[in-house]
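Below: one structure, written as structure tokens.
Position 1 is the first residue of the sequence; numbering continues from there. Computation of the quantities below employed the complete heavy-atom set of this structure, encompassing side-chain atoms and omitting hydrogens, waters and symmetry-equivalent molecules. Counting starts at 1 for both ligands and their atoms, in listed order.
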Amino acid sequence: MIDKIKQKLKEMLSEKRYIHSINVLDVAMELGKNFAVDLEKIKIAALLHDCAKNLSDDELLNKAHEYGIIVDEIQKRQPFLLHGPVGAYISKFEFGIEDKDIFNAIYYHTTGRKDMTIFEEIIYLADFISIDRNFEGVEEIRKKAYENFEEALLLSCNSTLNYVINRNLPIHPLTIEFRNWLLMKGGK
Ligand code: DGI
Ligand code: FE
Ligand code: FE
């Protein structure tokens, strides 16, 4: 199962993106050990989270249409935001993965969302701290991930928002809802 997925995935992604996917798998397994989650499912979600990453903007918009995804104004202007939603459907229809946890983890891995499950959170954070990431502050978040998982999530979300703001890009409402939900969860 896993080998088959890897084989097919390798054909869909650049080498760099494929290596990133394997790195996310590795760290997601480490994180997942600390929680009551199905590690086999974590493996699949981690491997496939960026399966739509090498599609062009037009391809993402076309696939979104094909799969009946409702594309909002921000996604229209920033089609790369659709690589999560489209990737979730590709996992379902091209890889035959029917599982809801895996689907949602892939769907929301870029923005996050409020009421994320622990399964989705593990994929989100693993993507953020995978070994190929080298932005400022990532070391601290890597360490935090094992000491205070929720705080590491908030730091990741903050870092993403800072990045988006510094580049004057629109913030997707799901990203904002994710952050507010994390803050409220933490009693703030
Ligand atoms: O696909 P990866 O590079 O592995 O990681 P990802 O799916 O988390 O995507 C990261 C990119 O997504 C990064 O450039 C910041 C961007 N991003 C995340 N949330 C938002 C966002 N971009 C915009 N414009 N708005 C958001 O809310
Ligand atoms: Fe991604
Ligand atoms: Fe990724």
Side-chain angles (χ1 to χ4, degrees), residues 5-6 9-10 12-32 42-57 59-61 63-64 69-91 95 97 102-114 116 119-138 141-142 145 152-183:
I5 291 173
K6 281 186 182 170
L9 187 69
K10 211 169 181 173
M12 295 169 72
L13 298 179
S14 67
E15 190 178 3
K16 186 171 160 237
R17 186 56 51 178
Y18 179 74
I19 291 168
H20 164 70
S21 306
I22 301 288
N23 290 337
V24 173
L25 182 157
D26 288 343
V27 73
M29 293 294 284
E30 280 308 308
L31 289 171
I42 287 281
K43 255 190 211 172
I44 296 171
L47 267 180
L48 291 178
H49 82 281
D50 273 340
C51 69
K53 190 74 179 188
N54 277 29
L55 298 180
S56 68
D57 285 358
E59 285 169 331
L60 282 170
L61 290 163
K63 288 256 182 206
I69 297 166
I70 295 162
V71 178
D72 61 38
E73 281 306 310
I74 295 180
Q75 290 164 336
K76 244 179 235 165
R77 285 174 175 72
Q78 307 269 301
F80 80 90
L81 285 170
L82 288 167
H83 81 272
V86 168
Y89 279 98
I90 289 177
S91 302
F95 287 84
I97 307 295
I102 297 173
F103 184 90
N104 286 334
I106 299 172
Y107 198 105
Y108 296 105
H109 84 266
T110 304
T111 55
R113 64 161 167 171
K114 70 170 160 54
M116 272 172 105
F119 190 98
E120 292 165 44
E121 288 181 331
I122 288 168
I123 298 301
Y124 180 94
L125 189 56
D127 188 22
F128 202 82
I129 64 172
S130 82
I131 195 78
D132 47 283
R133 306 281 197 204
N134 54 13
F135 48 82
E136 211 182 295
V138 72
I141 301 176
R142 268 190 199 117
L153 274 172
L154 182 61
L155 290 173
S156 309
C157 181
N158 284 347
S159 167
T160 300
L161 278 168
N162 280 324
Y163 176 92
V164 169
I165 286 170
N166 284 334
R167 277 160 190 74
N168 280 332
L169 296 169
I171 301 170
H172 196 277
L174 283 171
T175 308
I176 297 175
E177 287 177 25
F178 174 44
R179 181 166 185 273
N180 287 342
W181 173 71
L182 283 171
L183 285 172

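Annotation: the span from W181 atom CH2 to C157 atom SG amounts to 10.5 Å, rounded to 0.5 Å. Interatomic distance, CG of N54 versus CG of L13, reported as 5.0 Å (0.5 Å rounding). Between the CZ atom in R113 and the CE atom in M116 there is a gap of 7.5 Å [rounded to 0.5 Å].
When the N, O or S atoms of D50 are ranked by distance to the Fe ion (ligand 3), OD2 comes first. The atom of D127 nearest to the Fe ion (ligand 3) is OD1, with the search restricted to N, O or S atoms.
The Fe ion (ligand 2) has an N, O or S atom of H109 closer than 2.8 Å.
Closest heavy-atom approach to atom 6 (P) of ligand 1 among the candidates L174, D127, D50: D127. Closest to atom 13 (C) of ligand 1 by heavy atom, among Y163, F178, Y108, is Y163. The heavy atom nearest to atom 7 (O) of ligand 1, out of those in T110, V24, T175, I171, is found in T110.
Numbered from 1 in the order shown, with element, the atoms of ligand 1 that lie under 4.0 Å from a heavy atom of H109 read 7 (O). Atom numbering of ligand 1 starts at 1 in the shown order; those under 4.0 Å from a heavy atom of H172 are 25 (N), 26 (C), 27 (O). Ligand-side atoms of ligand 1 in range of H20: 4 (O), range being under 4.0 angstrom from any heavy atom. Atoms of ligand 1 lying under 4.0 Å from at least one heavy atom of Q78, given by number and element, are 24 (N). Annotation for ligand 1: atoms under 4.0 Å from non-hydrogen atoms of L169 are 24 (N). When each atom of ligand 1 is checked for a heavy atom of H83 under 4.0 Å away, the hits are 1 (O), 7 (O).
A salt bridge between E59 and K63 is absent, with no side-chain N of the basic residue lying under 4.0 Å from a carboxylate O of the acidic one.
Not less than 6.0 angstrom separates the ring centroid of F135 from the ring centroid of Y163.
Counting only heavy atoms of the protein, atom 20 (C) of ligand 1 lies nearest to V164 CG2, 3.8 Å. For atom 23 (C) of ligand 1, the closest non-hydrogen atom on the protein side is P170 O, 3.3 Å. Nearest protein heavy-atom contact of atom 1 (O) of ligand 1 is K53 NZ, 2.8 Å. Atom 11 (C) of ligand 1 has its closest protein heavy atom at F80 CE1, 3.9 Å. When only non-hydrogen protein atoms are considered, atom 18 (C) of ligand 1 lies nearest to T160 CG2, 3.3 Å.
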Derivation of the side chain to side chain contact (heavy atoms under 4.5 Å, CB included) call for M12 and F95 = CA-CA 12 Å; M12 295 169 72; F95 287 84; 3.5 Å; yes
query = Step by step, would you call H20 with D127 a side chain to side chain contact (heavy atoms under 4.5 Å, CB included)?
reply = CA-CA 8 Å; H20 164 70; D127 188 22; 2.9 Å; yes
Check against side chain to side chain contact (heavy atoms under 4.5 Å, CB included), I42 and I122 = CA-CA 8 Å; I42 287 281; I122 288 168; 3.8 Å; yes
inquiry  = For a side chain to side chain contact (heavy atoms under 4.5 Å, CB included) check, start with the C-alpha distance between T110 and H83, then their side-chain angles and the critical distance, and finish with the verdict.
reply    = CA-CA 8 Å; T110 304; H83 81 272; 3.2 Å; yes
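The NE2 atom of H49 and the NE2 atom of H20 meet at the Fe ion (ligand 3) at an angle of about 90°, given to 10°.
Between the side chain of R179 and the backbone N or O of L174, no donor-acceptor pair lies under 3.5 Å.
At least one heavy atom of R133 sits less than 4.0 Å from an atom of ligand 1. Judged by the shortest distance from any of its heavy atoms, R167 lies outside the 4.0 Å radius around the atoms of ligand 1.
Contact annotation: the side chain of R142 approaches that of V138 to within less than 4.5 Å [non-hydrogen atoms, C-beta and beyond]. Contact annotation: the side chain of L48 never approaches that of I102 to less than 4.5 Å [non-hydrogen atoms, C-beta and beyond]. Using a 4.5 Å heavy-atom threshold, the side chains of I19 and D132 count as separate.
The environment of CG in N166 is crowded: more than 12 heavy-atom neighbours from other residues, nucleotides or ligands sit within 6.0 Å.
The shortest N or O to N or O distance between R17 and ligand 1 is below 3.5 Å. Inclusion of L81 in the set of residues having an N or O under 3.5 Å from an N or O of ligand 1 is not warranted. Annotation: H49 places no N or O atom under 3.5 Å from an N or O atom of ligand 1; distance criterion only.
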